Amino acid sequence: MNILMKYALSWIGLVVLAIINGVIREKGYGQFMNELSAHQLSTLIGIALLGFFIWILTGIWRIESAKQAYLIGAIWLILTITFEFLFGHYVMSHPWSKLLHDYNIFKGRVWIFVLIWTAIAPYLFYKIRS
């Protein structure tokens, strides 16, 4: 199996970590904070969890070039956004307005940083490891 396919399939691990992070927020510290603060803390924790996972992956499956790293990040970004909107709308029945709500950085919604991190982490870790 080529490296891009391995990384595309490993995206499932990113989803699992994101779900675990969300459950911890909802069942744990989110009960003791206002929703916006819990969202922001969850975003920070999510970035750390994803970073740890991506660091492990880049140690197991070495990224061979900057182009490959950018492609991995783009694949993950597209998969994440597609999953978020399709699953969120068609499975969870969330209205589009609710799904777009987390993209409003002017209201303190910082989810966009998870997407940016998901896209650039493969390149950053490639550079660190090369």
Side-chain angles (χ1 to χ4, degrees):
M1 181 181 326
N2 76 30
I3 193 137
L4 289 178
M5 184 60 70
K6 289 177 182 178
Y7 273 97
L9 290 173
S10 70
W11 172 81
I12 295 167
L14 299 177
V15 173
V16 169
L17 287 174
I19 291 169
I20 290 168
N21 185 34
V23 169
I24 291 169
R25 178 187 66 226
E26 294 301 315
K27 302 292 183 189
Y29 62 86
Q31 298 176 18
F32 306 102
M33 307 173 79
N34 68 51
E35 193 277 332
L36 181 59
S37 296
H39 161 78
Q40 292 168 341
L41 179 58
S42 179
T43 298
L44 184 62
I45 292 169
I47 287 170
L49 287 172
L50 296 179
F52 180 70
F53 181 70
I54 296 166
W55 178 257
I56 291 170
L57 289 178
T58 59
I60 296 170
W61 301 315
R62 294 292 178 154
I63 297 173
E64 300 165 2
S65 67
K67 180 181 176 183
Q68 192 176 64
Y70 287 130
L71 191 53
I72 291 164
I75 290 167
W76 283 351
L77 179 64
I78 290 165
L79 288 171
T80 301
I81 292 170
T82 302
F83 176 80
E84 178 185 14
F85 283 98
L86 294 179
F87 183 82
H89 185 72
Y90 294 107
V91 176
M92 300 299 294
S93 300
H94 296 308
W96 297 113
S97 59
K98 178 178 172 133
L99 295 172
L100 291 169
H101 176 69
D102 279 337
Y103 288 83
N104 190 344
I105 198 158
F106 298 111
K107 292 196 175 184
R109 309 306 292 188
V110 291
W111 164 249
I112 192 82
F113 293 118
V114 172
L115 298 177
I116 292 168
W117 178 241
T118 301
I120 66 170
Y123 175 76
L124 291 176
F125 292 154
Y126 160 74
K127 290 301 280 184
I128 290 169
R129 291 183 182 280
S130 61

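As the structure is a prediction and not an experimental result, all values here were calculated from the model. Worth knowing before you read on, the calculation uses all heavy atoms, side chains too, and leaves out hydrogens, waters and symmetry mates.
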Would you say the ring centroid of Trp96 lies under 6.0 angstrom from that of Tyr103?
-> no

For the residue pair [X] and [Y], what are the closest heavy atoms and their distance?
| X | Y | result |
| --- | --- | --- |
| Pro122 | Ile63 | O-CD1, 3.6 Å |
| Met92 | Gly88 | CB-O, 3.3 Å |
| Ala69 | Tyr126 | CB-CB, 4.0 Å |
| Leu79 | Ala8 | CD1-O, 4.1 Å |
| Gln68 | Leu4 | CG-CD2, 4.0 Å |
| Phe53 | Ser10 | CE2-O, 3.6 Å |

Mind checking whether [X] and [Y] sit in one hydrophobic cluster, side chains of I, L, V, M, F, W, Y counted as touching below 4.5 Å?
| X | Y | value |
| --- | --- | --- |
| Ile78 | Ile75 | no |
| Leu41 | Ile20 | yes |
| Phe32 | Val23 | no |
| Leu100 | Leu36 | no |
| Trp117 | Ile12 | yes |

Could you check whether the rings of Phe83 and Phe87 sit parallel, tilted or perpendicular, using 30° and 60° as the cut-offs?
-> parallel

Tyr7 and Trp76 aromatic ring geometry - parallel, tilted or perpendicular at 30°/60° bounds = tilted

Side-chain contact test, heavy atoms from C-beta onward, threshold under 4.5 Å: evaluate it for Leu57 versus Phe125 and give yes or no.
-> no

Flag if over 12 foreign heavy atoms under 6.0 Å of CZ, Phe85 =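 Check passes, neighbour count above 12.
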
Would you give the length of the straight line joining atom CG of Leu86 to atom OG1 of Thr82, rounded to the nearest 0.5 angstrom?
->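 Rounded to the nearest 0.5 Å, the CG-OG1 separation comes to 6.0 Å.
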
Under the ring-ring contact (aromatic ring centres under 6.0 Å, His included) test, which residues partner His94, sequence neighbours left out?
->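 Scan of His94 (ring-ring contact (aromatic ring centres under 6.0 Å, His included), adjacent residues dropped) gives none.
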
Mind jotting down which residue pairs meet the salt bridge (charged side-chain N to carboxylate O under 4.0 Å, His left out) criterion with at least one end in residues 89-116? Sequence neighbours excluded, please.
->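 Qualifying pairs: Glu35-Arg109, Asp102-Arg109.
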
Show me the side-chain donor-acceptor pairs of residues 42-50 shorter than 3.5 Å, one per line, residues at least two apart or across chains.
unit_1: Ser42; atom_1: OG; unit_2: Asn21; atom_2: ND2; d: 3.2
unit_1: Ser42; atom_1: OG; unit_2: Arg25; atom_2: NH1; d: 3.0
unit_1: Thr43; atom_1: OG1; unit_2: His39; atom_2: O; d: 2.8

